[in-house]
Colleague: 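Here's a structure for you.
On a predicted model such as this, the values are computed, not experimentally measured, just so you know. Chain A is the first sequence line, chain B the second, and so forth, proteins listed ahead of strands; every chain is numbered from 1. Computation of the quantities below employed the complete heavy-atom set of this structure, encompassing side-chain atoms and omitting hydrogens, waters and symmetry-equivalent molecules.
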Amino acid sequence: MSDGFTEIGRALPRKEDRRLVTGRGRYLDDLASPGALHVSFVRSPHAHARILEIDSAEAAEMPGVVGVFTGRDLDHMTTRLRLAPPIEGLQPTELTTLPINKVRFHGDPVACVVATDRYLAEDAAECVTVEYEQLRAVTSIAEAFAPDAALVDDSLSSNLVSHQTLSVGDPAARRAEAHRVVEARFALHRHTHVPLETRGCLADWDDGRAHLNMHIGNQVPHPLRSQLASRLGLSESQVTVMSPDVGGAFGQKIALYREELTVAALSRHLCRPVRWREDRMENLMSAAHAREYECRTRTSVSETGRILGLELEIDEDFGGYCFYPANYMARVIALIMTGPYRIQDYAYEVRVALTNKCGAGPMRAPMAITSWVMEGTIDAIARDLELDPVEVRRVNALGPEDLPYKMPTGEILEDVTPRETLEMAVAAIDVAAFRERQTQARSEGRYLGLGLCTVIESTTYGSEFYKSAGIPGSGHESAWVRIEPSGVVNASVGLMGTGQGYESPLSQAVAEGLGVRSEDVTVHMGNTDIAPYGMGSRGGRGATAGGGTLYLCALKARERVLAIAASMLDLNDAGGLRMRAGQIERMIGDDWQKVGLALTDVARRAYLDPLVLPEGIPPGLDFSQSYDPPAMTYSNSTHACEVEVDLQTGAISIDRYLVAEDSGTILNPIVVSGQQQGAIAMGLSGALLEQVVYDSSGQNLSATLADYLVASPNELPEFEILHHHTPNRRTPAGIKGMAEGGVMGAIGVIANAVSDALAPRGVTIKRLPLTPQSIRALLREAAPSSMKRTQS
Amino acid sequence: MSAPTQDPLTLSLSVNGETHEVRVPARKLLSDVLRDDIGLTGTHVGCEHGVCGACTILIDGRPARACLTFAVQMEGHEVTTIEAVGRPDTLSALQQALHEEHGLQCGFCTPGIVVTFEHYLRENTNPTAEDVRDVLSGNLCRCTGYQNIVVAVLKAAARMRGELA
């Protein structure tokens, strides 16, 4: 990757490290606020119950308690959340800030205790007595859709909160003419995000100015400010959101949660700073969950494995509340399902169920199951037709001659390289050699498996995508760049990092556009009074939307700087000028030569001697820019993974893991490699260990980190990464964005590898996670009855 | 309702070589006292049940979980926190290696990891990658996938042995 970039692409270490590695970062709970009150929430012990009475008399008299507030109290202080976007098949929903009549999951907040310290608030919360009438709990998709199911949301006509279908081409005709119709099933389990820093906030109402200062680790400060202002009946001028250092988010810190709105409302009500930090149990039970899907594919194929038509059904367990429109995640899965393959006859049906569990939200790669479903389907075709899975991929994969490619759903793929990354991964893993090792191992009673998973990762969602998908929202981003009188550069953008390490790569985007060193640029994020209104951090949009907007803004700044420089050099125009490392250079002959003029000189003139600026150029060096990316940008990759499964224990060991990834122009390879590794780790951790468990009555059984298992270094392999950089020709600097594809690929590749390993035992992975217990159960089920007897 | 555990006690705590007098109830966790009463916020609280390791500190030179310790237990003991290990402009060898090798992302788990390995590398100067993974299994990191942390610890060890500039 060259393109003549000098700052973009530099392996610049992260600017935030020095404070973080010494414990000098400032996370939410590190902010001092003398005299602040602390809250503790009283939470429902039931999955589904009517609230008959809340008795807070004893709690209110306890030491340090300032007040106990219920859903009824909050309903006077806040407006309700109504979600009713005009989307066909989506039922409108409305939520109170805290439940008033009914709780819908184990951990639902029913009251809020405010006290002078956290210990006292928790003591008092335990003494709030709530009388419930228990209702039948809906704890699965099947139960939710049963004809006599209890209603999770009493205002809806059924638990089917969202239902969409699409049919393109003629999948039924393709089925009729197919050599074979291959069916496959995929069940992904409920995950949760587990940022190491739990949620929390510090709300500080300034009664004199009638202004709310909201300190909160959040990915989208401006949309959050809009929500807060609207729900509190304030104007956006009356709310400042300030996001400090954030200890991870992964999609969990986007929505305005009910607890946070409660804390803000109570700060205003009590005219005191009020703070909340949830404990880990609350985080695991009641922050947000994700990923619980059941998918089925029916694929019409030719003798060679060529896919003629694909039919997909997705059911999602959305939990008890809609903090996002219920079609939000599942429909994107359906929209991009065909991904790296040439498929034109395609149909989907997406059904979303409300259940008595914690509400679902986007989690790093909200469309994570996509790649497992598509690549698991490819493997199912190969098994069914006894073809080489690599060959089935080859006959279907999009190649350069197919691009740009319009997917059946209308999404456009361009500048992607799925066939190239497939071949890179296949060559690097040496599939033929692996098959020999596999055969040898099987003869020794050892079960090795190889998985492949090609990923098309939707990264940056432009406004056009939202509009065509019927999702309210914008995909644009905004930035400003200011060259100060001393020549140093400040910049800002509406993104908010939650650990990715934005400060170096975004300063590189500015530095490249302007012509300075990244070290001389500071990017300010997270304060809504400083940053321009942007759509924040979600998906893989940071580099394309954030970096792209900053780059464009810096180009605008450079143009002005060079125009002033030209006048200072008595040139007619800036045609033969450029700036590098803050020094103006002029093309003399065939060489760029320094002319003894620096950005500091230009800045001094712009600010302190504006009368001699060329006509039409205003004083100062202050620029702003907004940018709306294409409807969608895509990165792509192919993951390959070798495993060994121990039949006696069900344990899986990962012998080798590699990924060939094309994420276009990258701003900073250090940060990108970190995102690649971290995303794969999160995918593997989820596929192998993590699982939110509810029992049949809706009790959450995974509310500690000893129950909800996150991978330690002993469960994760070394990651080999092969790079391929195809710039996107439609984005600034060719940036594509990335950071979620690793999750998508990891989930698919590990499932495919284990299926490959266990093929001789008749086991195919249709359900995750792949715990030792689940592997052993599959082996027992698949074993001939004679073996079962000897084993039992 | 006033339980004895809520009545404040005056404690004298030795933290990072300095003596601090604090008045806190007996039930107050060391992690909270370090953060709220002594102002050392580098010790992070990630789970409050001893699993995540973000709050790892040294008690008399040995790693321990501040969230599983009451401050009142610390009288007569020496507590060391992340604040005693390097500063932003003078990183320790381990901190420098974590920076160079991108061994952290959000940084919330990092103080616990630094404290764990500052201790470990003093007693184990030449660990293997497997050794490092084993010790690191006491600290959860949700961002990095651990690979770069392992690389950084090995690099720091090599530097501390004088084998690497």
Colleague: Do you know which two heavy atoms are closest between B:V45 and A:R277, and how far apart they sit?
Modeller: CG1-NH1, 3.9 Å
Colleague: Between B:N148, B:L98, B:V132, who has the most heavy-atom pairs with chain A when the cutoff is under 4.5 Å?
Modeller: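 Ranked by contacts with chain A, first place is B:N148.
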Colleague: Is there a side-chain contact between A:R24 and B:R87, using heavy atoms and a 4.5 Å cut-off?
Modeller: yes
Colleague: Is chain A contacted by the side chain of B:D32, its backbone, both, or neither, given a heavy-atom distance below 4.5 Å?
Modeller: side chain
Colleague: Under a 4.5 Å heavy-atom cut-off, does chain A meet the side chain of B:H44, its backbone, both or neither?
Modeller: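 Side chain only.
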Colleague: A:T22 and B:L91: which non-hydrogen atoms are nearest, and at how many Å?
Modeller: CG2-CD2, 3.5 Å
Colleague: Is chain A contacted by the side chain of B:E101, its backbone, both, or neither, given a heavy-atom distance below 4.5 Å?
Modeller: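 For B:E101, no heavy atom lies under 4.5 Å from chain A.
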Colleague: If we only count heavy atoms from C-beta on, is the A:R14 to B:L104 side-chain gap below 4.5 Å?
Modeller: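 Yes, their side chains come closer than 4.5 Å.
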Colleague: Hey, does A:V21 have a side-chain heavy atom less than 4.5 Å from the side chain of B:H99?
Modeller: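 Contact flag for B:H99/A:V21 side chains = no.
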Colleague: Tell me the closest heavy-atom pair linking A:L20 and B:C106, and the distance in Å.
Modeller: CD1-O, 3.6 Å
Colleague: What part of B:S137 gets within 4.5 angstrom of chain A, counting heavy atoms only: side chain, backbone, both, or neither?
Modeller: both
Colleague: Side chain, backbone, both or neither: which part of B:E83 has a heavy atom under 4.5 Å from chain A?
Modeller: both
Colleague: Counting a contact as any heavy-atom pair under 4.5 Å apart, which residues of residues 107-118 of chain B contact chain A?
Modeller: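 Counting heavy atoms that sit under 4.5 Å from chain A, the residues of residues 107-118 of chain B involved are B:G107, B:F108, B:C109, B:T110, B:P111, B:V114.
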Colleague: Taking NZ, NE, NH1 and NH2 as the nitrogens, is one of them in A:D123 or B:R27 under 4.0 Å from a carboxylate oxygen of the other?
Modeller: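 Answer for the salt bridge query: yes.
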